[in-house]
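Structure, as structure tokens:
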Amino acid sequence: MGYFDLSIFIILTLFTLLYTVILSRKNNESSVANYLIFGRKLTLPLFVTTLVSTWYGDIFGVTQIAFKRGISTIVVYGIGFYLAAIFFMLFFVEKARKMNVFTLPEIIKVKYGKTSYKLTSFMILIKALPISYLIGIGLLIQKLFGLSLNSSMLLGMIFVIAYIGIRGFSGIIYSDAIQFILMYASIVMVVIFSYLEYGGYDFLNANLGEEYFYINSGETLTGLFVWFFISIITTFMSPVFYQRCFSAKNSAIAKKGILISVIFWMICDFCTVSSSMYAKAVFPDSMPHEAYFNYAMSILPIGLKGLFLAGIAATILSTLDSFLFICSSTLIYDLLGKKFSQNNVYKIGSLVITGIITFLLAGHFVDDIDYFYKLLRSYCGITLAIPMMCTIFFKKILSEKQFIYSILLACMSMFINDFFGLTVIENFYLGALISSISIMIFALINNISKR
């Protein structure tokens, strides 16, 4: 890659920083509501750009799967998230907004009390750490500038903290608007140039195996159900999703915004999956995790390569900054208390602290990130997700102690299974089973005691 494209990448990235800092200065961040949820004045266009860009940070993960599986990537991994988002829009938006809270853990505080609130806050803080996204932006910077991975990750973290700063959520909102444009410009133009260079379906059909056009690529009905279940859990446990809904001017904007976002996610999936299939057809022996990037850089002309790089960086950064801010705000608002939320020293300090934790964990688990996320998905994910969904969706069916016990029982069962190897069941499913059974037993006991 030449200096001209690298210059375009740097200019667009710095423009995003400058644009964000200038616009976010218009917002008064002295109140908790303004700092955490944009003062509940998020308009429909800004709602869509921030939700869409934030939800699609793992672009290389998607393209890697698509390179190996083709169209089924959308069916197996995409449709579940579309349906989960629509389900959230239909049944959760109104319920969550009526609670008049600022954060996801506060829902638990309203329903149960302080102890369960702090436990939930801690688990969400740990689960939301944007480790894979920091590794992703680090690998991109390393590829472009030849720095060490640690130096690249540190540079990416400093850049994100710089534009979030003391402005909080407004800094993310305005940066996401630019990153949304860069993101879609980059993925759409790869599809366009692929079609112009090689043609459409006939080319892909002639150069790919028939399995690349299977809808489910051999996935069983049970497997599809499991992925749909994971999509539901991921969506309903995402503090980013709730934060956007809390920030909207009204419920109508949140609902419309989610529907429009689903359409944009479908467009994004179509572009990345089809481009990955072109990459497989043109470079069949490429490494799956590098194929999409290398293919795009080979087919795009000088000048547009720099735009593509800026778009890839924007895709990763838009998710990295959102989850870093979630962790930071969970620390200062939910765990340490409201009084810290209005102090600039604590705002910056909490960003730095969560950034350091993320950086250290990313450096330690860079070669085994899948294992780390299995731990997070099990111990801080499914154990909290089912009690949380029951809390929001149903009337109070558990006491605070029972809510905590359902979480601890699931965690203990998984720990015992890890340590002694008592069953071949994966911990994610074991945790879901124990959590569900304990909740049903507690609910039954409460129902009997009321008679």
Side-chain angles (χ1 to χ4, degrees), residues 1-19 52-53 56-64 66-67 133-149 151-153 155-156 159-160 175-200 203-204 207 264 267-320:
M1 184 183 63
Y3 288 110
F4 182 65
D5 285 301
L6 193 59
S7 299
I8 290 177
F9 166 74
I10 294 173
I11 289 171
L12 289 174
T13 304
L14 292 179
F15 172 75
T16 301
L17 174 62
L18 182 62
Y19 169 87
V52 170
S53 59
Y56 212 89
D58 192 16
I59 185 170
F60 289 129
V62 174
T63 55
Q64 179 178 344
F67 183 83
Y133 307 116
L134 181 59
I135 293 174
I137 198 63
L139 289 171
L140 180 61
I141 294 174
Q142 182 185 43
K143 183 182 288 286
L144 295 181
F145 299 101
L147 303 174
S148 68
L149 181 57
S151 298
S152 300
M153 290 193 296
L155 184 61
F159 180 80
V160 169
S175 66
D176 282 349
I178 295 295
Q179 289 164 344
F180 173 88
I181 296 171
L182 293 174
M183 169 182 166
Y184 275 86
S186 65
I187 61 175
V188 169
M189 68 183 183
V190 175
V191 176
I192 293 174
F193 276 90
S194 297
Y195 181 81
L196 293 175
E197 179 71 22
Y198 298 108
F203 171 79
L204 294 176
N207 290 277
F264 274 107
I267 294 171
C268 191
D269 282 336
F270 169 79
C271 290
T272 52
V273 170
S274 58
S275 296
S276 298
M277 292 172 68
Y278 274 108
K280 179 66 177 179
V282 177
F283 301 127
D285 298 324
S286 294
M287 297 295 290
H289 65 281
E290 296 180 344
Y292 175 76
F293 181 88
N294 292 338
Y295 169 74
M297 294 297 287
S298 71
I299 198 172
L300 293 174
I302 294 175
L304 291 185
K305 292 179 181 180
L307 176 58
F308 172 76
L309 292 172
I312 293 299
T315 305
I316 302 171
L317 287 172
S318 61
T319 307
L320 172 60

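Bear in mind that the values here come from a model prediction, so they are computed numbers and not experimental data.
In this structure, the side chains of P301 and F193 come closer than 4.5 Å at one or more pairs of heavy atoms. Contact check for L155 versus F159: no side-chain heavy atoms found under the 4.5 Å cut-off. Within the 4.5 Å cutoff, the side chain of V190 has heavy atoms near those of the L300 side chain. By the 4.5 Å heavy-atom criterion applied to side chains, T63 and F293 are not counted as neighbours. Side-chain contact between D5 and M297: absent, with no pair of heavy atoms (C-beta onward) separated by less than 4.5 Å. Side-chain contact between N207 and F203: present, with at least one pair of heavy atoms (C-beta onward) separated by less than 4.5 Å.
The aromatic rings of Y292 and F308 sit tilted, their planes meeting at an angle between 30° and 60°.
Separation of atoms OG1 (T13) and CG (L182) is listed at 8.0 Å; rounding is to 0.5 Å. Taking CD1 of I299 as the reference point, atom CZ of F283 lies at 8.5 Å (rounded to 0.5 Å). Remark: L317 CG to S53 OG distance equals 10.5 Å, nearest 0.5 Å. To the nearest 0.5 Å, atoms CZ (F180) and OG1 (T315) are separated by 11.0 Å. Once rounded to the nearest 0.5 Å, the distance linking CG of L309 with CG of L6 reads 8.0 Å. For the atom pair CD1 (I192) and CG (L304), the distance works out to 10.0 Å, reported to the nearest 0.5 Å.
The number of heavy-atom neighbours closer than 6.0 Å to CG of L14, taken from other residues, nucleotides and ligands shown, is above 12.
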message = Set out, in order, the CA-CA distance, both residues' side-chain angles and the distance that settles side-chain contact (heavy atoms from CB on, under 4.5 Å) for I137 and Y133, then state yes or no.
response = CA-CA 6 Å; I137 198 63; Y133 307 116; over 6 Å; no

request  = In sequence, state the C-alpha distance, the side-chain angles, and the governing distance for F145 and I10, and then conclude on side-chain contact (heavy atoms from CB on, under 4.5 Å).
outcome  = CA-CA 11 Å; F145 299 101; I10 294 173; 4.2 Å; yes

message = If you apply the rule side-chain contact (heavy atoms from CB on, under 4.5 Å), what do you find for L139 with F60, and how did you get there?
response = CA-CA 11 Å; L139 289 171; F60 289 129; over 6 Å; no

Residue pair M287, E290: steps toward the side-chain contact (heavy atoms from CB on, under 4.5 Å) verdict = CA-CA 5 Å; M287 297 295 290; E290 296 180 344; 4.2 Å; yes

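The heavy-atom pair separating C268 from Y184 by the smallest distance is CB-OH, 3.6 Å. Residues C271 and V188 share a closest heavy-atom pair of SG-CG2, 4.0 Å. The minimum heavy-atom distance linking F67 with S286 is given by the pair CE2-O, 3.6 Å. The two atoms that bring I135 and L149 nearest to each other are O-CD1, 4.4 Å, heavy atoms only. Among all heavy-atom pairs drawn from V191 and S274, the shortest one is CG2-OG, 3.7 Å. Taking every heavy atom of both residues into account, A281 and L204 meet most closely at CB-CD2, 4.3 Å.
A side chain to side chain contact (heavy atoms under 4.5 Å, CB included) with L144 holds for exactly one of I141, L140, L147; it is L140.
Ring-centre distance between F264 and Y56: not below the 6.0 Å cut-off. Aromatic pair Y195/Y278: ring centres not closer than 6.0 Å.
Side-chain atoms of S175 and Y19 form no donor-acceptor pair, as typed in the model, at a separation below 3.5 Å. Side-chain contact, S148 with S151: a donor N or O sits under 3.5 Å from an acceptor N or O.
A donor-acceptor pair under 3.5 Å links the side-chain atoms of S186 to the main chain of M183, judged by distance alone.
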